[in-house]
Amino acid sequence: MNRMHDHDWPEPDADAAAHSLRLVTRIREAMDSAGGEIPFERFMDLALYAPGLGYYTAGARKFGEAGDFITAPEVSPLFGRCLARQCRDVFAELGGGAILEVGAGSGAMAASLLAELEALGAMPEKYFILDVSAELRARQRETLTDRVPHLLDAVEWIDTPPERLRGVVLANEVLDALPVERFRVEENGFSREFVGWNEGFEPRWRPADEALANELRELFADRRVSPPYVSEFCRRLPAFIGTLSDALDAGLMLFIDYGYPRGEYYLPERNNGTLMCHYRHRAHADPFVYPGLQDITAYVDFTAVAAAGVDCGLELHGYTTQAQFLLGSGLYEMLPDIDPGDTVRSLKVSQEVQKLTMPGEMGDRFKVMGLDRGLERPVSGFSLKDLSPAL
């Protein structure tokens with residue numbers, strides 16, 4: 001089972017390894033109950049979200065230098081400040097409103113966003129945080145207490161979306177962590193990936209059932225790829241968007257994630273899919289390494305996100321790169337005044353901006369999509385470049 005010995009990566013300590021083994025046992029029990037193997041989607045669900053054991057529901061540190069990856073809010077508070085400007089625009093049109101952040105990570109985005117909204121005189125009526133992890137909720141509270149203690153009363157942690165919300169829904173690097181189906185296009189049809197056990201987890205390909213085959217036929221009706229062609233799609237996405245849509249009476253949803261429009265997602269040359277795992281700041285493609293200790297993600301099909309929103313009665317508000325969104329939000333106007341002699345501070349801010357905006361960093365790889373209900377005026381983040389025709 002210890003596939004990590006094939007890589008020059010740090011081994012987990014004894015407690016972490018024992019935790020992973022407990023999750024392996026839980027997954028194997030699910031396999032036994034299902035007759036010996038489970039769909040990859042179910043494996044990914046358990047690896048990430050099994051109660052008390054999954055990567056996002058247990059206590060391992062995930063974000064920042066001591067974790068497995070760094071998200072944009074940890075790179076710089078400028079990211080949250082830019083989002084705050086969009087929230088202010090929405091509140092101005094609605095006459096106020098609340099914010100729902102789904103999957104708030106370390107709490108860094110909430111802290112910088114609330115501080116900026118306070119400075120702008122546009123505080124939300126409430127800042128809701130929806131997160132499945134008790135450990136992350138505790139860390140979020142710690143971050144907010146440390147950075148904006150006087151604003152802590154504005155924050156409320158919830159287990160389900162509010163019944164009615166007027167304002168903004170924010171989801172940064174959330175959609176990529178929804179469990180996905182793995183499939184293979186073959187000469188005579190489609191296969192579905194299952195996961196079994198043979199001295200370790202292993203992929204097993206089975207003919208797709210009729211329901212899945214029909215979905216894939218529709219997906220590839222106008223696409224030509226050379227078998228065998230492996231990729232993913234997220235069957236849970238419409239329900240996820242629908243749950244958030246049901247809560248939104250009026251306002252804007254913003255989804256920030258790495259992904260592509262569908263035409264780029266299923267390019268013929270992308271024949272091994274987009275699955276990506278993160279362990280101790282190493283990105284790789286093996287989802288069976290130490291379950292519970294690594295993140296498992298897939299790039300987002302933003303065409304599917306837009307379609308799911310429209311099916312729920314939402315309007316496509318905009319779609320662009322993270323770089324264009326941040327620049328449209330006034331990123332450069334927010335840069336701090338730095339003493340010309342303070343080269344260390346100047347270099348740090350420059351590096352943060354480059355990380356957020358450069359094509360080789362997060363700038364083009366991450367996209368931003370807005371879906372709205374009842375808004376008349378566009379927010380500034382989508383004002384510079386509209387990529388919606390690519391969807």
Side-chain angles (χ1 to χ4, degrees), residues 1-4 7 9-34 38-71 73-74 101-110 129-145 157-160 171-180 195 197 200-201 234 236 240 257 275-298:
M1 186 199 75
N2 192 348
R3 307 162 71 99
M4 294 291 284
H7 307 284
W9 295 342
E11 295 279 344
D13 61 29
D15 289 343
H19 174 92
S20 182
L21 285 173
R22 288 193 292 273
L23 179 56
V24 168
T25 300
R26 171 70 183 87
I27 295 173
R28 293 187 66 186
E29 289 171 352
M31 289 176 172
D32 291 341
S33 298
I38 56 176
F40 179 85
E41 181 190 47
R42 177 63 174 150
F43 171 85
M44 184 172 172
D45 186 36
L46 290 169
L48 298 181
Y49 302 110
L53 294 172
Y55 181 76
Y56 283 109
T57 54
R61 197 170 186 90
K62 304 158 185 66
F63 303 93
E65 296 294 342
D68 299 306
F69 51 87
I70 297 177
T71 61
E74 276 84 41
E101 184 179 356
V102 183
S106 67
M109 189 167 86
I129 292 179
L130 176 61
D131 208 302
V132 299
S133 169
E135 181 268 335
L136 285 177
R137 288 187 180 202
R139 187 174 175 193
Q140 290 152 14
R141 184 178 291 277
E142 178 183 326
T143 298
L144 290 163
T145 300
W157 282 265
I158 55 178
D159 297 315
T160 58
N172 180 56
E173 293 200 51
V174 172
L175 297 181
D176 66 273
L178 293 177
V180 294
V195 180
W197 180 266
F201 292 121
C234 186
R236 303 187 184 197
F240 182 82
D257 232 309
L275 198 75
M276 186 165 59
C277 307
H278 295 93
Y279 176 82
R280 306 284 181 86
H281 295 278
R282 274 94 168 164
H284 64 96
D286 189 346
F288 306 133
V289 169
Y290 286 124
L293 305 185
Q294 71 161 353
D295 195 15
I296 307 174
T297 70

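For the numbers below, each heavy atom of this structure counts, side chains included, while hydrogens, waters and symmetry mates do not. Count residues from 1 along the sequence.
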Considering all heavy atoms of both residues, which atom of Gly52 and which atom of Ala58 are nearest to each other, and what is their separation? O-CB, 3.6 Å
So which heavy atom on Ala34 is nearest to which on Ile38, and how close? CB-CG2, 3.9 Å
Taking Met276's backbone N and O only, do any of them form a donor-acceptor pair with Thr297's side chain (distance below 3.5 Å, no angle check)? yes
Strictly distance-based, threshold 3.5 Å: is any side-chain N or O of Thr143 a donor or acceptor partner for the main-chain N or O of Ser106? yes
Going by the rule side-chain contact (heavy atoms from CB on, under 4.5 Å), which residues pair with Arg22 if we only count those two or more places apart in sequence or in a different chain? Ala18, His19, Leu53
Not counting sequence neighbours, which residues clear side-chain contact (heavy atoms from CB on, under 4.5 Å) with Pro179? List them please. Glu41, Met44, Asp45, Tyr49, Arg236
Out of curiosity, [X] [atom1] to [Y] [atom2], how far, rounded to the nearest 0.5 Å?
X      : Y      : atom1 : atom2 : value
Gln294 : His284 : CD    : NE2   : 4.0 Å
Ile296 : Cys277 : CD1   : SG    : 5.0 Å
Asp32  : Trp197 : CG    : CH2   : 11.0 Å
Leu48  : Thr57  : CG    : OG1   : 8.5 Å

Sorted by chain and residue number, the side-chain hydrogen bond (donor to acceptor under 3.5 Å, both in side chains) partners of Asp15 (sequence neighbours excluded) come out as none
Could I get the full list of side-chain hydrogen bond (donor to acceptor under 3.5 Å, both in side chains) partners for Asp131, not counting sequence neighbours? Gln140
Do [X] and [Y] come close enough that some side-chain heavy atom pair is under 4.5 Å?
X      : Y      : answer
Pro287 : Leu275 : yes
His278 : Tyr55  : no
Val132 : Asp159 : no
Pro12  : Tyr279 : yes
Trp157 : Leu130 : no

Checking side-chain hydrogen bond (donor to acceptor under 3.5 Å, both in side chains) for the pair Tyr56/Glu135: CA distance, chi angles, key distance, verdict? CA-CA 9 Å; Tyr56 283 109; Glu135 181 268 335; over 6 Å; no
Checking Asp13 now: which residues fulfil salt bridge (Lys or Arg N to Asp or Glu O under 4.0 Å) with it, not counting sequence neighbours? none
What pairs with Phe240 under ring pair (Phe, Tyr, Trp, His ring centres under 6.0 Å), at least two apart in sequence or on another chain? none
Does either side chain, that of Glu74 or that of Thr71, offer a donor lying less than 3.5 Å from an acceptor on the other one? yes
Going by atom type alone, with no hydrogens or angles, which donor-acceptor pairs under 3.5 Å involve a side-chain atom of residues 23-31 and a protein atom two or more places apart or on another chain?
from: Thr25; atom 1: OG1; to: Leu21; atom 2: O; distance (Å): 3.0

Residues Asn172, Met109; criterion side chain to side chain contact (heavy atoms under 4.5 Å, CB included); working and verdict: CA-CA 9 Å; Asn172 180 56; Met109 189 167 86; 4.2 Å; yes
